[in-house]
There are 2 protein chains.
Amino acid sequence: MKTQIGAVNSLYPMPTTIVGALVDTKPNYTTIAHVGIMDLGSISLGMNKVHYTNVGIKENGTFSVNIPPVHMVKQTDYCGLVSGRNFNKATLCKTFYGKLKTAPMIEECPINMECKLVKTVDFPNHDVFVGRIIATYSDDEVLTGHAVDFEKVQPILFSMNNQDYWRLGKRLAKAWSIGKELTSQ
Amino acid sequence: MKTQIGAVNSLYPMPTTIVGALVDTKPNYTTIAHVGIMDLGSISLGMNKVHYTNVGIKENGTFSVNIPPVHMVKQTDYCGLVSGRNFNKATLCKTFYGKLKTAPMIEECPINMECKLVKTVDFPNHDVFVGRIIATYSDDEVLTGHAVDFEKVQPILFSMNNQDYWRLGKRLAKAWSIGKELTSQ
């Protein structure tokens, strides 16, 4: 039976990311799982306006999106619990820079994307930053051939409904393929 | 070692959804995994402009986001393989309506959200539709207490990198909680 449960966002789980930006010329990081894909090369970050990192993204027009693995779950959660106003989160990790020079990235995260801010969509309590991916860096250990293999990345997934982090499970099927079996039945 | 692998979107896996809209007064559905969360109550759909469903979303200013479970992976993939211009996809499922009256939803999907279009963000090849969630419907079987339990939903996750569908794995930790252990060490 269907129950109307209110107007509850149930578009989960989402990949948990750590977003990096320079704030006052210093690297700062914050944990964001309210993310999205706009078109293949553009991603969005729904960031509450209280975040210290927002200031840096607006200042520099650049940011990074880092994908932490399961074994970094404590640091990842901690990075969302404390503000860069009160604590220098760059002490938790090694920072490196890429093409853009102003998008600090986290060495310990197996996937790092540096992004150029192309749009900001304004919501009452959130800045939604839309970034064009300029370059992606990957640990060799998480590639299979030339492609990122999420079984090796072991990303942290997030759902708001019970405030849980989740592991990724097994591969299920090939997209744009498994559905063809319906027509041959 | 880090390798620069181009400008590859690696913000995956994403939840696979089936988006519903009325097109020419008839229910139509399409599979979309390039989705996002803008703020807690607003979600985005990055939909290639070729989709037939886009016409209906623009016409009515409403749409639904349905979360298919693992056992519907063939129908879900199929729904993304064929166009509503050529095939009546409403024959694949039972349609129901909620508060908005013009956002067709899929009975067989355990979670359904009806949304009001509040913004369209234009990209060269994509319409990004931003919807405010107006009401959410859930099968009683996927609730634990009053909250949606994704272990019971068994959503289909998607990554573009190898064009794979994935299962959700096990619960890993509590968000806004596990990180506190770092400060007590």
Side-chain angles (χ1 to χ4, degrees), chain A residues 1-13 15 34-41 43-44 46 70 73-74 77-78 81 111 121 123 125-126 128 133-140 147-148 150 158-159 161-176 178-179 181-182, chain B residues 1-13 15 34-41 43-44 46 70 73-74 77-78 81 111 121 123 125-126 128 133-140 147-148 150 158-159 161-176 178-179 181-182:
Chain A
M1 216 191 84
K2 294 273 181 202
T3 302
Q4 218 262 67
I5 56 169
V8 178
N9 189 351
S10 301
L11 186 65
Y12 292 103
H34 283 166
V35 292
I37 297 178
M38 310 253 97
D39 66 2
L40 198 55
I43 58 188
S44 66
V70 157
V73 67
K74 283 186 193 173
D77 194 50
Y78 186 71
L81 283 170
I111 304 288
V121 190
F123 283 78
N125 301 314
H126 285 69
V128 177
I133 302 158
I134 298 302
T136 304
Y137 303 84
S138 162
D139 284 359
D140 294 343
V148 174
F150 284 92
F158 168 79
S159 68
N161 308 64
N162 275 307
Q163 307 191 348
D164 284 317
Y165 294 122
W166 299 82
R167 290 172 183 274
L168 180 63
K170 295 278 175 206
R171 269 189 181 82
L172 174 67
K174 293 310 277 181
W176 292 290
I178 182 85
E181 291 180 18
L182 276 190
Chain B
M1 215 192 83
K2 294 272 180 202
T3 303
Q4 218 263 67
I5 55 169
V8 178
N9 189 351
S10 302
L11 187 65
Y12 293 103
H34 283 166
V35 293
I37 297 178
M38 311 252 94
D39 66 1
L40 198 54
I43 57 188
S44 66
V70 156
V73 67
K74 283 186 193 173
D77 193 51
Y78 186 71
L81 283 169
I111 304 287
V121 190
F123 283 79
N125 300 313
H126 285 69
V128 177
I133 302 157
I134 299 302
T136 304
Y137 303 84
S138 162
D139 284 358
D140 294 344
V148 173
F150 284 93
F158 168 78
S159 68
N161 307 65
N162 275 307
Q163 307 191 347
D164 284 317
Y165 293 122
W166 298 81
R167 291 172 183 272
L168 180 62
K170 295 280 175 204
R171 270 189 181 82
L172 173 67
K174 293 310 277 181
W176 291 290
I178 183 84
E181 291 181 17
L182 277 190

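Quick note on labels: first sequence line is chain A, next is B, and so on, each numbered from 1.
For B/F123, the part sitting under 4.5 Å from any heavy atom of chain A is the side chain, from C-beta outward, and nothing else. Contact of B/L168 with chain A is made through backbone and side chain together, with heavy-atom distances under 4.5 Å. Heavy atoms closer than 4.5 Å to chain A are found in both the backbone and the side chain of B/S138. The parts of B/V35 that come within reach of chain A are both its backbone and its side chain, each placing non-hydrogen atoms under 4.5 angstrom from that chain. Contacts of B/H34 with chain A are made by both backbone and side-chain atoms, with heavy-atom separations under 4.5 Å. In this structure, chain B has a heavy atom under 4.5 Å from the side chain of A/S159, while its backbone stays farther away. Proximity to chain A (any heavy atom under 4.5 Å) is restricted, for B/F158, to the side chain, taken from C-beta onward.
Of all heavy-atom pairs spanning B/I133 and A/A7, the tightest one is O-CB, 3.5 Å. Across every non-hydrogen atom of A/P13 and B/P15, the tightest pair is O-CD, 3.3 Å.
When A/Q4, A/M1, A/H126, A/K2 are compared by the number of non-hydrogen pairs under 4.5 Å with chain B, A/K2 comes out ahead. Put simply, of B/W166, B/Y12, B/Y137, the one with the most heavy-atom pairs under 4.5 Å next to chain A is B/W166. Interface remark: of the candidates B/V128, B/D139, B/I134, B/D139 forms the most heavy-atom pairs closer than 4.5 Å to chain A.
In this structure, the salt bridge (Lys or Arg N to Asp or Glu O under 4.0 Å) partners of A/D164, at least two apart in sequence or on a different chain, are B/R171, B/K174. By the side chain to side chain contact (heavy atoms under 4.5 Å, CB included) test, A/I178 pairs with A/A173, A/E181, B/V73, B/K74, B/D77, B/Y165, sequence neighbours left out.
If you take OG1 on A/T136 and CG on B/N161, they are separated by 9.5 Å, rounding to the nearest 0.5 Å. B/S44 contributes atom OG, which lies 8.0 Å from atom CG of A/L11 (distance to the nearest 0.5 angstrom).
Of the possible polar contacts, one joining the A/N9 side chain to the B/L40 backbone as a donor-acceptor pair under 3.5 Å is found.
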